[in-house]
Amino acid sequence: MPAPRPTQVTILGLPEAVHSTVAGLADVFGIFGLLRDLDRSASPDPPFRVTIAGPRCADSSALPFRVTRTIDQVGYSDVVVVPALMVDANAWRPGRHPDAVEWLRRMHRRGATVCSTCSGALLLAETGLLDGREATTHWAYAEVFRRWFPAVHLRLEHLLVVAGERGELMMSGANGSWHDLALHLISQRIGAAAALGVARFLLLEWHRDGQMPYVPFQPPRDHGDGLILPAQDWLERHFDAPNPVEEAMRRTGLPMRTFNRRFLKATGTTAIKYVQRCRVEAAKRRLEADSHPIDEIARCVGYEDPAFFRRLFKRTTGITPGAYRRKLQLPAVHRSPAHAEQGRGVLTTRSADR
């Protein structure tokens, strides 16, 4: 019998493409020759053929990877991948690459599986193929994604989303989750055993816990409510105080019902849930930085009932405090008292900006 035709994978080589994603995907799909040298039972025929293609307007001399073809020269591809894009979320606008958007639509019409990793979902969403469907992207691009593509159901908790009538639309979340996308495609195209072999050889990971453990609390601050913004500031600094919501309300001088209504309208959440998120963020910093017992960390962030804290932490992040520590704790050589102290000021980046 003739050998099966290799799966053609085309990676979209744009000037903004994150180099590590392009190279990583190309390496993973091209690793099978080396695996064959190590395992003589492996198929002698490469199962994937990888091309990096860019628009005619792309200046390939400015890219650290070689664009071997223009997208106009790619009439068909089994799989198309839009890699992560190094773009400022606040400055991103549709219309950056109209030729690439039209090419993605054309590849989809011709039967390709169309994928994106990380912020590449912005370009994929511009095709309209995701309208009315679920999608994911890097959590840092959630606001701009929702602003431009309100018809797409963004599911940030998922690191890999497969959509479309035939499962032909695939998206992975934050940049490192291109591992999940690549392994899923390998499993789908040539089998789970091959995906496991590649993962084992390259130490790639399936991020089974999703994206939520990594997502920081980033409440809106541009709502224009001059009484609620100082209340937010106070809660972020004093989340561990007794009855923090009551004290924040007292400082505004607003009646309880008015305070609650305005806080919800301004921030999108209730004041008590705001405090809970602040406490969970503080606990995350402590879990990353030190080895204090979890019950002690619960008390430090304002909870006398450790069981309630554990339930709240898992409901917020999707994993237990212990699992979070195992996943994200700094190695001992990198820990410092300064990092542990960040647990006192939850939204450290925003606090530094103020």
Side-chain angles (χ1 to χ4, degrees), residues 7-32 34-35 47-54 63-67 77-87 89 100 104 107 112-125 130 134-142 145 154-164 167-190 192 194-215 327:
T7 295
Q8 176 65 48
V9 178
T10 304
I11 303 170
L12 189 56
L14 297 172
E16 304 95 331
V18 174
H19 311 154
S20 61
T21 309
V22 175
L25 288 166
D27 286 347
V28 167
F29 292 121
I31 199 70
F32 289 89
L34 179 56
L35 290 179
F48 295 96
R49 181 177 293 127
V50 180
T51 299
I52 301 175
L63 302 175
F65 44 82
R66 186 163 174 250
V67 175
S77 185
D78 298 293
V79 176
V80 174
V81 184
V82 184
L85 304 177
M86 190 71 73
V87 294
L104 290 170
M107 291 299 99
T113 295
V114 184
C115 312
S116 68
T117 72
C118 192
S119 52
L122 292 166
L123 198 69
L124 178 52
L130 302 181
E134 292 187 347
T136 193
T137 186
H138 192 299
W139 51 262
Y141 291 88
F145 191 101
L154 200 57
R155 299 294 300 274
L156 289 183
E157 68 272 25
H158 296 319
L159 266 172
L160 183 67
V161 169
V162 178
E168 78 282 7
L169 301 168
M170 300 182 187
M171 296 133 278
S172 62
N175 193 30
S177 64
W178 67 260
H179 293 193
D180 301 76
L181 176 65
L183 292 172
H184 181 78
L185 285 166
I186 292 169
S187 178
Q188 182 189 63
R189 296 280 170 168
I190 58 175
L196 182 59
V198 170
R200 188 166 52 235
F201 185 75
L202 294 175
L203 270 65
L204 302 184
E205 290 189 61
W206 284 276
H207 297 85
R208 293 178 175 86
D209 295 318
Q211 195 162 220
M212 290 309 293
Y214 304 91
V215 179
K327 179 183 288 288

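These numbers were taken from a predicted model, which means no experiment stands behind them. One-based numbering along the sequence shown.
The shortest distance between side-chain heavy atoms of Leu104 and Met107 does not fall below 4.5 Å. Within the 4.5 Å cutoff, the side chain of Val79 has no heavy atoms near those of the Phe29 side chain. Under the 4.5 Å side-chain criterion, counting only non-hydrogen atoms from C-beta, Arg189 is in contact with Thr113. Between Asp27 and Leu202, every side-chain heavy-atom pair lies at or beyond the 4.5 Å cut-off. Between Val18 and Cys118 there is no side-chain heavy-atom pair separated by less than 4.5 Å. In this structure, Thr7 and Pro47 have side chains that are not in contact, with every pair of non-hydrogen atoms separated by 4.5 Å or more.
No donor-acceptor pair closer than 3.5 Å links the side chain of Glu205 to the backbone N or O of His179. Judged by distance alone, with hydrogens and angles left aside, the side-chain atoms of Tyr141 form a donor-acceptor pair with the main-chain N or O of Val87 at under 3.5 Å. Distance alone, capped at 3.5 Å, is enough to place a donor-acceptor pair between the Thr117 side chain and the Ala84 backbone. The main-chain N or O of His207 is found under 3.5 Å from a side-chain atom of Asp180 such that the two form a donor-acceptor pair. At least one donor-acceptor pair under 3.5 Å links the side chain of Ser77 to the backbone N or O of Gln8. Without hydrogens or angle criteria, Ser119 side chain to Leu85 main chain gives a donor-acceptor distance under 3.5 Å. With hydrogens and angles disregarded, a donor-acceptor distance shorter than 3.5 Å links the side chain of Gln211 to the backbone of Thr137.
Here the OG atom belonging to Ser116 is positioned 8.0 Å from the CG atom belonging to Leu181, to the nearest 0.5 angstrom. From Trp206, atom CH2 reaches atom CG of Leu160 across 12.0 Å, with rounding to the nearest 0.5 Å. To the nearest 0.5 Å, atom CD of residue Glu16 and atom CG of residue Leu122 are 11.0 Å apart.
Nearest heavy atoms, Thr21 versus Pro83: CG2-CB, 4.0 Å.
Within 6.0 Å of CE on Met86 lie no more than 12 heavy atoms contributed by other residues, nucleotides or ligands.
For the side chain to side chain donor-acceptor pair (under 3.5 Å) test, no residue two or more places apart in sequence or in another chain qualifies with His184.
The aromatic rings of Phe32 and Phe48 sit tilted relative to each other, their planes meeting at an angle between 30° and 60°.
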